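Numbering of residues begins at 1 and proceeds along the displayed sequence. Since we're looking at a predicted model, the values are computed, not measured.
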Amino acid sequence: MDSKPWLHPAPTYFPLDAHWDTDDDAPGPRCGHTLTAVAPTRSHGPRLILFGGATAIEGGASSANAGIRLAGVTNSVHAYDIHTKKWTRIRPAGEAPSPRAAHAAAAVGTMVVFQGGIGPAGHSTDDLYVLDLTNDKYKWHRVVVQGQGPGPRYGHVMDLVAQRYLVTFSGNDGKKVLSDAWTLDTAQKPYEWLRLNTGGDKPSARMYATASARSDGMFLLCGGRDTSGVPLADAYGLLMHKNGQWEWTLAPGVSPSSRYQHAAGFVGTRLHVTGGALKGGRVVDGESAVAVLDTAAGVWLDRHGLVTSSHNDNEQNEDPSLDLMRRCRHAMSSVGSRLYVYGGLRGDVLLGDFLIAENSPIHSDVKNPELTSEKGSNMTTPRANHLCPFDPISLDGKSESPLSTTLSVDKESTQTQAEVNATYSTWQAAQTHIANPNEFISSQTMLGSPEGGTGPQDVQLHPRAVVIAREAIGNLGGLVRQLSLDHFENESKRMMPFQNDTSAKRFMRQKSPQGLHKKVIATLLKPRNWSPPADRKFFLDAYEVGELCYAAEQIFIQEPTVLDLKAPIKVFGDLHGQFTDLMRLFDEYGFPSSAGDITYIDYLFLGDYVDRGQHSLETITLLLALKINYPQNFHLIRGNHEAADVNALFGFRPECIERMGENDGIWAWKRFNQLFNHLPLAALIEQKIICMHGGIGRSIHTVEQIEKIERPINMDAGSVVLMDLLWSDPTENDSVEGLRPNARGPGLVTFGPDRVTDFCNRNKLQLIIRAHECVMDGFERFAHGQLITLFSATNYCGTANNAGALLVIGRGLVVVPKLIHPLPPPLEPETSPTSVEERHWMQELNNQRPPTPTRGRPQPDNDRSSLAYI
């Protein structure tokens with residue numbers, strides 16, 4: 001296996017040496033308990049709170065259903081100090097919850113909330129109990145909740161979502177296994193449970209599952225046991241839309257094993273899953289005992305890497321570290337990059353051991369100063385929930401939590417480090433700032449170095465790119481690989497021819513009639529199963545096109561010519577109407593919806609949405625609809641094909657006429673081009689990266705020159721600055737400096753690496769990202785890495801056989817290329833009238849307007865000024 005894998009495998013767990021002063025301070029063997037990480041207080045660093053569970057069992061290994069002897073159930077509380085590595089039993093004042101096991105717990109800042117469970121007297125009440133650890137006077141509170149709630153249950157799950165909403169799901173009420181979801185808004189008094197009417201792919205009824213909230217607000221359900229007692233292997237994400245609607249979505253990937261009574265916890269976007277039980281009283285063993293669901297890449301991983309099929313439940317493995325994880329009914333939590341596991345059950349043996357693991361190989365003691373010292377360290381806070389406004393009130397009305405009810409959740413601060421690039425090379429730097437969310441609130445603040453410095457990050461191109469295997473069928477289909485940039489042999493083979501302040505600008509979302517943009521998204525945003533219309537007819541009429549353009553135009557009018565954007569962000573190059581490639585990129589690397597990744601990463605497209613391809617209408621309408629739906633997170637700038645005199649010749653106008661009829665088609669084409677004149681022309685990312693369609697040409701020396709271009713503007717009225725911005729290209733390679741004639745046509749130029757360096761130095765920039773040219777690997781470096789050309793359409797014009805790519809820019813400004821290869825031709829060409837018509841349409845266009853040839857090939861002199869080079 002590669003020593004620097006793109007997708008870090010599941011970690012290995014080791015025993016952790018902890019100490020205590022008296023035997024009473026030690027938690028001892030137990031199962032069915034909870035382990036919850038709480039934020040630091042003035043007098044304590046981060047701690048793990050262990051509560052409840054069973055300290056004795058009945059039955060044995062031969063028993064198909066070893067049970068918990070309820071006489072052994074406890075309500076004791078033990079705290080583990082991360083810094084001192086010491087267990088202490090604590091005895092909070094106030095009314096304690098009854099002894100219980102199989103309950104649910106969630107951290108709310110420096111408090112822990114408990115609900116449900118089962119004890120000696122049967123089901124525990126559904127009251128919410130809060131353990132307040134804010135100061136040294138620990139106290140229990142029973143929370144007053146109005147109205148009907150989830151009711152008594154056990155084997156359910158609960159966590160705090162978006163630092164505000166307690167969400168609980170599933171369990172058993174003593175009569176049946178449940179599938180209902182409830183939420184309680186901790187920022188809204190009086191407190192009230194609300195039963196959720198969720199949409200999407202709803203999970204089946206289950207108990208003994210796990211659920212953990214990702215830092216961006218996704219509630220991830222994993223595994224469990226269904227109504228028939230069968231263990232489950234699926235996973236579901238639950239997200240809340242901006243309109244308050246909650247929606248489930250089925251997580252991708254192949255789980256290594258079904259399981260229940262397991263434990264799970266998030267570190268970044270990696271859900272770590274350990275242990276679990278199988279039907280018949282067996283436990284999950286072998287490689288399946290330790291797994292990771294990488295929610296950024298949408299794959300499951302074991303200790304060897306990517307999981308492509310479920311493991312054999314009876315596999316033999318002599319690795320003692322895996323044998324260590326053969327357990328169920330244990331508890332798990334995470335602090336910073338470390339995972340902690342306590343106790344559990346193995347056969348008829350209760351476990352009292354304490355285990356630890358690192359999230360990934362990049363989190364080592366050497367690199368993480370917070371974890372090397374036991375005292376005085378600046379340990380990252382677990383989840384950093386200390387802004388939560390939850391204010392429990394005891395039933396007697398005599399005491400309240402010391403947390404002020406005036407505190408509120410800053411939604412900007414809940415957008416944490418967005419670890420969408422699977423390298424996690426920026427995660428450690430981001431961790432040093434979670435402890436101080438105020439630094440995240442400031443749009444001026446750059447993340448510090450992993451050593452804790454506060455200086456600005458440098459832009460870095462990650463040394464490896466993510467590649468999806470090109471095989472369409474067989475075991476290799478869709479395989480995620482990671483290659484060194486040095487292995488891209490075709491990189492040099494290019495295919496030729498807001499406002500200035502940093503405050504985020506808010507837009508009122510434009511509502512087109514009958515939610516037209518929603519209709520477009522529902523019809524077209526189908527990354528896995530979109531198929532072209534059988535009759536080539538477009539599903540919108542001219543009136544709807546006009547309304548869609550108007551709604552998007554109102555947003556573009558309010559935006560500056562040069563957008564001021566923040567990382568993390570995905571950047572896309574030319575699409576040219578190849579809608580299938582857009583869907584493939586969305587499918588492989590995440591798509592913009594609440595069920596996808598729009599909640600924690602922005603999108604930027606660099607122009608050339610139309611022409612050449614067969615589905616320009618689908619491409620531009622979906623992008624506009626997404627812009628209307630996510631005006632602050634989804635961004636479009638202009639390319640040279642967003643101009644009437646160009647897209648009249650290269651396919652967009654003929655497509656509008658063919659698919660909408662002559663009158664409607666011509667009207668729609670004109671309306672789209674009117675919209676194009678309002679598009680922004682460039683974008684700055686963290687004031688360090690500039691993105692544009694073409695380049696800097698001969699005339700652009702400062703960003704201010706671009707900012708001064710007034711819109712709406714068409715190419716006829718544009719200056720040489722606009723021409724250079726949309727049309728210029730880099731020279732052939734780094735050895736060709738200065739300005740040279742451009743083979744695209746007279747009056748156009750190419751610019752050398754010296755121009756790139758001068759422009760970056762003068763504007764205090766570190767990288768230029770541009771599109772405009774087809775490159776064989778989907779991306780290409782120039783000027784010693786100071787410029788990247790990006791192209792997202794594969795097999796351009798059906799002849800280039802190039803890969804397509806996007807760039808993911810993490811919050812630490814590490815740039816990660818992610819690629820898709822062109823699909824191989826079908827074994828038997830489709831003979832349907834639609835497919836034959838589409839192939840003929842593209843061939844005819846290529847004959848009339850030949851695509852730009854590969855850079856480096858000899859070009860006839862008489863073709864130098866041909867429009868073929870556009």
Side-chain angles (χ1 to χ4, degrees), residues 494-497 524 530 532 536 538 571-586 603-624 636-656 658-659 669 672-673 675-676 679 691-694 726-727 729 744 769-780 789-806 819-823 838-839 841-855 867-870:
R494 267 184 285 176
M495 308 294 291
M496 285 288 295
L524 296 180
W530 180 83
R536 285 277 293 167
F538 191 52
V571 185
F572 294 73
D574 292 23
L575 293 169
H576 279 298
Q578 297 187 199
F579 189 73
T580 301
D581 285 331
L582 178 61
M583 291 299 100
R584 289 180 62 204
L585 288 166
F586 281 173
Y603 283 68
L604 172 63
F605 291 77
L606 302 186
D608 277 13
Y609 314 115
V610 300
D611 282 347
R612 292 291 188 186
Q614 302 163 5
H615 300 102
S616 292
L617 282 170
E618 282 85 355
T619 303
I620 187 58
T621 52
L622 176 60
L623 294 180
L624 293 179
L636 307 175
I637 66 174
R638 188 175 185 176
N640 65 305
H641 280 258
E642 278 70 65
D645 57 345
V646 176
N647 59 50
L649 299 175
F650 288 88
F652 187 43
R653 185 176 187 273
E655 180 182 341
C656 290
E658 175 212 350
R659 302 183 63 192
W669 171 75
F672 278 121
N673 278 287
L675 165 81
F676 293 156
L679 286 173
C691 301
M692 58 189 67
H693 180 73
L726 299 184
W727 286 88
D729 300 300
R744 293 179 183 271
I769 300 176
R770 46 90 64 174
H772 195 41
E773 285 186 289
C774 180
V775 287
M776 287 303 297
D777 293 317
F779 75 101
E780 177 186 299
T789 295
L790 182 63
F791 202 83
S792 296
T794 68
N795 194 25
Y796 181 46
C797 294
T799 60
N801 201 35
N802 63 286
L806 61 86
L819 281 67
I820 56 171
H821 283 297
L823 294 174
E838 288 185 346
R839 287 200 303 271
W841 188 86
M842 176 173 279
Q843 291 168 359
E844 189 68 22
L845 179 61
N846 288 346
N847 291 335
Q848 295 176 5
R849 309 288 181 192
T852 309
T854 307
R855 176 183 292 276
L867 283 176
Y869 293 98
I870 296 178

Side chain Asp608, main chain His576, donor-acceptor under 3.5 Å: no
Set of side-chain hydrogen bond (donor to acceptor under 3.5 Å, both in side chains) partners for Asn673, sequence neighbours left out: Asn647
Pairwise distance CG(Leu575) to OG1(Thr580) - rounded to 0.5 angstrom: 11.5 Å
Working for side chain to side chain contact (heavy atoms under 4.5 Å, CB included), residues Leu606 and Asp574: CA-CA 7 Å; Leu606 302 186; Asp574 292 23; 5.7 Å; no
Steps toward side chain to side chain contact (heavy atoms under 4.5 Å, CB included) verdict (Leu617, Phe579): CA-CA 9 Å; Leu617 282 170; Phe579 189 73; over 6 Å; no
Least distance between heavy atoms, Trp669 atom then Cys656 atom: CB-SG, 4.0 Å
Glu655 versus Arg536, closest heavy-atom pair with distance: CG-NH2, 4.4 Å
Leu622 CG to Trp530 CH2 distance, which is reported to the nearest 0.5 Å: 10.5 Å
Results of salt bridge (Lys or Arg N to Asp or Glu O under 4.0 Å) for Asp581 - residues two or more places apart only: Arg584
Closest approach of Asn795 to Pro822 (non-hydrogen atoms, all atoms of both residues): CB-CB, 3.8 Å
Any donor-acceptor pair under 3.5 Å from His693 side chain to Trp727 backbone: no
Heavy-atom side-chain proximity of Met583 to His615 below 4.5 angstrom: no
Working for side chain to side chain contact (heavy atoms under 4.5 Å, CB included), residues Leu675 and Glu642: CA-CA 9 Å; Leu675 165 81; Glu642 278 70 65; over 6 Å; no
Donor-acceptor under 3.5 Å (Asn640 side chain, Gly694 main chain): no
Side chains of Leu585 and Ile820 in contact at under 4.5 Å (non-hydrogen atoms): yes
Closest contact, heavy atoms only, Leu790 versus Ala805: CD1-O, 3.5 Å
Contact summary for Gly613 and Gln578, nearest pair of heavy atoms: CA-CG, 4.3 Å
Sub-4.5 Å side-chain heavy-atom contact between Thr621 and Phe672: yes
Tyr603 and Phe572 aromatic ring geometry - parallel, tilted or perpendicular at 30°/60° bounds: parallel
N/O donor-acceptor pair under 3.5 Å between Thr789 side chain and Arg770 backbone: no
Sub-4.5 Å side-chain heavy-atom contact between Ile769 and Leu604: no
Gap separating the CG atom of Asp611 from the NE2 atom of His641, nearest 0.5 angstrom: 5.5 Å
Sidechain-backbone polar pair: Tyr796 side chain, Thr794 backbone, donor-acceptor under 3.5 Å: no
Phe652 and Phe676 aromatic ring geometry - parallel, tilted or perpendicular at 30°/60° bounds: tilted
Any Phe538 side-chain heavy atom under 4.5 Å of Glu618 side chain: yes
Where Ala648 and Arg653 come nearest, the two heavy atoms and their spacing: CA-CB, 3.8 Å
Close side-chain approach of Phe605 and Leu582, heavy atoms under 4.5 Å: yes
Between CE on residue Met776 and CG on residue Asn801, distance to nearest 0.5 Å: 5.5 Å
